[in-house]
Peer 1: 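Once you've had a glance at the structure underneath, I'll fire off some questions.
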Amino acid sequence: MSTPHRFPDREEIAAVRAEAETLEPQATGAEHALAGRVMGRRDMGKLVFLDLVDRSGKIQLLAQPDELGGLDVDLGDVVGVRGQATKTKRGEPSLAVSELQLLAKIKRPLPDTYHGVVDAETRYRKRYLDLLVNEETRRDFLVRSELVAAIRRFLDARGFVEVETPILQPRYGGALAEPFVTHSNELDADLYLRIADELYLKRLIVGGLERVYEISKDFRNESISYKHQPEFTMLEWYEAYADYEDAMTLIEELLRVVTKEATGSAAVTFRGQEIDFEPAWKRMSLIGALEAEGVWTRDANDLRKGLQEREIDTGADETWAQLVDHALSHLVEPKLIQPTILFDYPVELSPLARLKEGEEGIVERFEYFAGGMELGNAYSELNDPDEQAARFAEMGAEDPDYVEALSYGMPPTAGLGLGIDRLSMLLTGRDTIRDVILFPTLRPTE
RNA sequence: GGGCCGUUAGCUCAGCUGGUAGAGCAGGGGACUCUUAAUCCCAAGGUCGCAGGUUCGAUCCCUGCACGGCCCA
């Protein structure tokens, strides 16, 4: 049996429901067309109640099979209906159906509409079922979409231009991470999936675009956890003629605005705690934070001893910088529940950041945290090509093409990264990053 | 990579320190003109993740594997 190829002139269920709300019981209102999925059916003989769901909401349908020439509708069918807004004797806003068209037939039984789909593996592998029967899932992914839209509005309104830079890169950089490697047959060359956008975006600053941003999928061939996925989404922006203090101000404002636009409130609940994005956030220096934990020292051996005393396994840490990073992530980060900026990092951890005037070995860099997670990283960009080349050399790396770009002169610039997935976790109150990524990476079956 | 836990009907879950499995919802048939997790009646639905082992006998005990979850690295 052929079904219609289109169903024109439908309205959103939420709008029609709102109209029906205003009616007196058993009164009827205007004629409307609605379409969606049948998620409930209550047969009363000559009268049948259906629940119709679309993206905007749910409404009850009142159908009389005798007047419709039968009602061959199963749970899960996609239908289009026409009828009048009404309210039942019991006061339920409804649509009295005068015409019903089957638009798509369900061929398998719908999962339990009361319990939803609970099994984590099913929810991730068959996200369509999760979205279909779990209203919260639908809602949370719409929050994520609204979040990204709000970020674009915010930056567009401030003169940033959205750009696209390569995902396939001959040389990866901009972060310390293991890349995915692929191969171009035509070029007969290995290419890397980007781990960050940074070095390309800064080339655009050299090129005079002044304020750029990219919302990108980045890829890191590393561990998977509640806050890590191999494929994740990051915002990076670069603003010429600004420094990291300007970036602090801007990210505070951005998070306040977009949180409000995506959720209706600048405060969210995550892991049982309210997190409030209203400025001003707490700010403390990284060194101060480590001192407060009693583990700040420039000496690697002392630092290692301090961490081991706190029963932190430092076996995998080779350098002082790695030990500092370990101390930060284990002792400090979990305590940063309210939005907090940690600023002024040792240069050893920050090869792309600009040195702070008058402070030995410190760069103008900050990371910001909320809910016990790092949300992002920012700094005044190092724009001296010779110093950049020397920093690369210290790491045992090089990127002559990038250094050459800097040698044409990059204005003083502030750059910032923001983890969209983690922010989405905070805004939706989800405990795991898999719950805010539509199709998270899982081990293949078979 | 390591430790612990899980995997039973399409979905959500029971299953007694071993005797070849049950319920609700969905799906099928029927009753009902105000239900909303509708209700009621009938019938049906299973490679108990996979492969071995122990045993007269394994969903249950043991081993390995697969996938997932939590924690650790």
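To find a chain, count down the sequence lines: A is the first, B the second, and so on, and within it residues start at 1.
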Peer 1: Quick one: which of B:rG27, B:rC34, B:rU36 gets closest to the side chain of A:Gln26?
Peer 2: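 Per side-chain heavy atoms of A:Gln26, the pick is B:rC34.
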Peer 1: Hey, can you tell me if A:Tyr402 and A:Phe392 have their rings parallel, tilted or perpendicular (30° and 60° cut-offs)?
Peer 2: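 Geometry flag for A:Phe392 against A:Tyr402: perpendicular rings.
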Peer 1: Searching all strands shown, indicate the nucleotide that pairs with B:rA43 (Watson-Crick or G-U wobble; both distances under 3.5 Å).
Peer 2: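 Across any shown strand, B:rA43 pairs with none.
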Peer 1: How about A:Tyr368 and A:Leu418: do any of their side-chain heavy atoms sit closer than 4.5 Å?
Peer 2: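 A side-chain contact under 4.5 Å exists here.
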Peer 1: Given that both distances must come in under 3.5 Å, which nucleotide forms a Watson-Crick or G-U wobble pair with B:rA51?
Peer 2: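 Paired with B:rU63.
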Peer 1: Between B:rG69 and B:rC56, how far apart are the two C1' atoms, rounded to whole Å?
Peer 2: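 That atom pair is separated by 38 Å.
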Peer 1: Quick one: what's the B/S/- string for nucleotides 5-14 of chain B, heavy-atom cutoff under 4.0 Å, read 5' to 3'?
Peer 2: -----SBSS-
Peer 1: What interatomic distance, in whole Å, is found between P of B:rU36 and the corresponding atom of B:rG22?
Peer 2: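 These two P atoms come out 31 Å apart once rounded.
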Peer 1: Should B:rC4 form a Watson-Crick or G-U wobble pair with both distances under 3.5 Å, which nucleotide is its partner?
Peer 2: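 Partner of B:rC4: B:rG69.
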Peer 1: Would you classify A:Leu442 as touching base, sugar-phosphate or nothing, given that sugar-phosphate means primed atoms plus P, OP1 and OP2, and contacts are heavy atoms under 4.0 Å?
Peer 2: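 Sugar-phosphate, backbone atoms only, no base.
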Peer 1: Could you list all N or O pairs between the protein and nucleotides 70-73 of chain B that sit under 3.5 Å apart?
Peer 2:
residue, atom, partner, partner atom, Å
B:rC70, OP1, A:Arg434, NH2, 2.9
B:rC70, OP2, A:Arg434, NH2, 3.0

Peer 1: Between C1' on B:rG69 and CG on A:Asp431, what's the gap in Å once rounded to a whole number?
Peer 2: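 The answer, rounded to whole Å, is 13 Å.
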Peer 1: In plain terms, say whether A:Arg17 and A:Glu21 are close enough for a salt bridge, that is, a side-chain N and a carboxylate O under 4.0 Å apart.
Peer 2: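 Yes.
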Peer 1: Would you mind checking if A:Asp421 and A:Arg144 are paired as a salt bridge, meaning a charged N to carboxylate O distance below 4.0 Å?
Peer 2: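 Looking at A:Asp421 together with A:Arg144, the answer is yes, because their closest N to O distance falls below 4.0 Å.
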Peer 1: Please state the P separation for the pair B:rA26 and B:rA66 - nearest whole angstrom.
Peer 2: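 These two P atoms come out 38 Å apart once rounded.
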Peer 1: Tell me whether A:Glu135 is salt-bridged to A:Arg139, with the criterion being a basic N under 4.0 Å from an acidic carboxylate O.
Peer 2: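 Answer for the salt bridge query: no.
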Peer 1: Could you give me the CA-CA distance, side-chain angles and deciding distance for A:Asp218 and A:Ser216, then say whether side-chain hydrogen bond (donor to acceptor under 3.5 Å, both in side chains) is met?
Peer 2: CA-CA 6 Å; A:Asp218 293 355; A:Ser216 64; 2.9 Å; yes
Peer 1: Rounded to whole angstrom, note down the C1' distance from B:rC60 over to B:rG15.
Peer 2: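 The same atom, C1', in both gives a distance of 10 Å.
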Peer 1: Taking atom C1' of B:rC34 as reference, at what distance in whole Å does atom CZ of A:Phe49 sit?
Peer 2: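 My rounded result for the distance is 4 Å.
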Peer 1: Could you tell me how far apart A:Leu68 (CG) and B:rU33 (C1') are, to the nearest whole angstrom?
Peer 2: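 For the pair A:Leu68 CG and B:rU33 C1', the rounded distance is 14 Å.
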Peer 1: Given that both distances must come in under 3.5 Å, which nucleotide forms a Watson-Crick or G-U wobble pair with B:rA38?
Peer 2: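 In the structure as shown, B:rA38 has no Watson-Crick or wobble partner.
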Peer 1: Rounded to whole angstrom units, what separation is found between the CZ atom of A:Arg123 and the C1' atom of B:rG69?
Peer 2: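 That distance rounds to 11 Å.
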Peer 1: Quick one: which of B:rC34, B:rU36, B:rG28 gets closest to the side chain of A:Leu47?
Peer 2: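 Side chain of A:Leu47 sits closest to B:rC34.
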Peer 1: Rounded to whole Å, please give me the gap between NZ in A:Lys126 and C1' in B:rG68.
Peer 2: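 So the two atoms are 14 Å apart, to the nearest Å.
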Peer 1: Counting only Watson-Crick or G-U wobble pairs whose two distances fall under 3.5 Å, which nucleotide matches B:rC13?
Peer 2: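 In the structure as shown, B:rC13 has B:rG22 as its Watson-Crick or wobble partner.
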Peer 1: In terms of ring plane angle, is the pair A:Phe180 and A:Phe219 parallel, tilted or perpendicular, where the classes change at 30° and 60°?
Peer 2: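 Answer is perpendicular, since the angle exceeds 60°.
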Peer 1: Regarding A:Lys356 and A:Asp344, does a basic nitrogen lie under 4.0 Å from an acidic carboxylate oxygen?
Peer 2: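 A:Asp344 and A:Lys356: salt-bridged.
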Peer 1: For A:Arg108, report the nucleic acid contact type (base, sugar-phosphate, nothing); a contact means any heavy atom under 4.0 Å.
Peer 2: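 No contact at all - A:Arg108 keeps every heavy atom at 4.0 Å or more from the nucleic acid.
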Peer 1: Would you measure the distance from the P atom in B:rA21 across to the matching atom in B:rC4 and give it in whole Å?
Peer 2: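 My reading of the P atoms in B:rA21 and B:rC4 gives 32 Å.
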Peer 1: Assess whether a salt bridge exists between A:Arg298 and A:Glu360, defined as any Lys/Arg side-chain N lying under 4.0 Å from an Asp/Glu carboxylate O.
Peer 2: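 So A:Arg298 does not pair with A:Glu360 through a salt bridge.
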Peer 1: Please walk me through it: do A:Asp197 and A:Met234 pass side-chain contact (heavy atoms from CB on, under 4.5 Å)?
Peer 2: CA-CA 9 Å; A:Asp197 307 4; A:Met234 184 146 78; 5.5 Å; no
Peer 1: Under 4.0 Å between a side-chain nitrogen and a carboxylate oxygen: does that hold for A:Glu387 and A:Arg391?
Peer 2: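 Counted as a salt bridge, because a side-chain N and a carboxylate O are separated by less than 4.0 Å.
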Peer 1: Okay, side chain of A:Arg365, backbone of A:Val347: is any donor-acceptor separation there less than 3.5 Å?
Peer 2: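 No.
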Peer 1: In whole angstrom, what separates A:Asp77's CG from B:rA26's P?
Peer 2: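 Between P of B:rA26 and CG of A:Asp77: 14 Å.
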Peer 1: Under 3.5 Å, which protein N or O atoms sit close to an N or O of nucleotides 38-45 of chain B? Give each pair with its distance.
Peer 2:
residue, atom, partner, partner atom, Å
B:rA38, OP2, A:Arg42, NH1, 3.4
B:rA38, N6, A:Asp43, O, 2.5

Peer 1: Do the side chains of A:Glu231 and A:Lys217 get close enough for a salt bridge, i.e. N-O under 4.0 angstrom?
Peer 2: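 Looking at A:Glu231 and A:Lys217, the cut-off is met.
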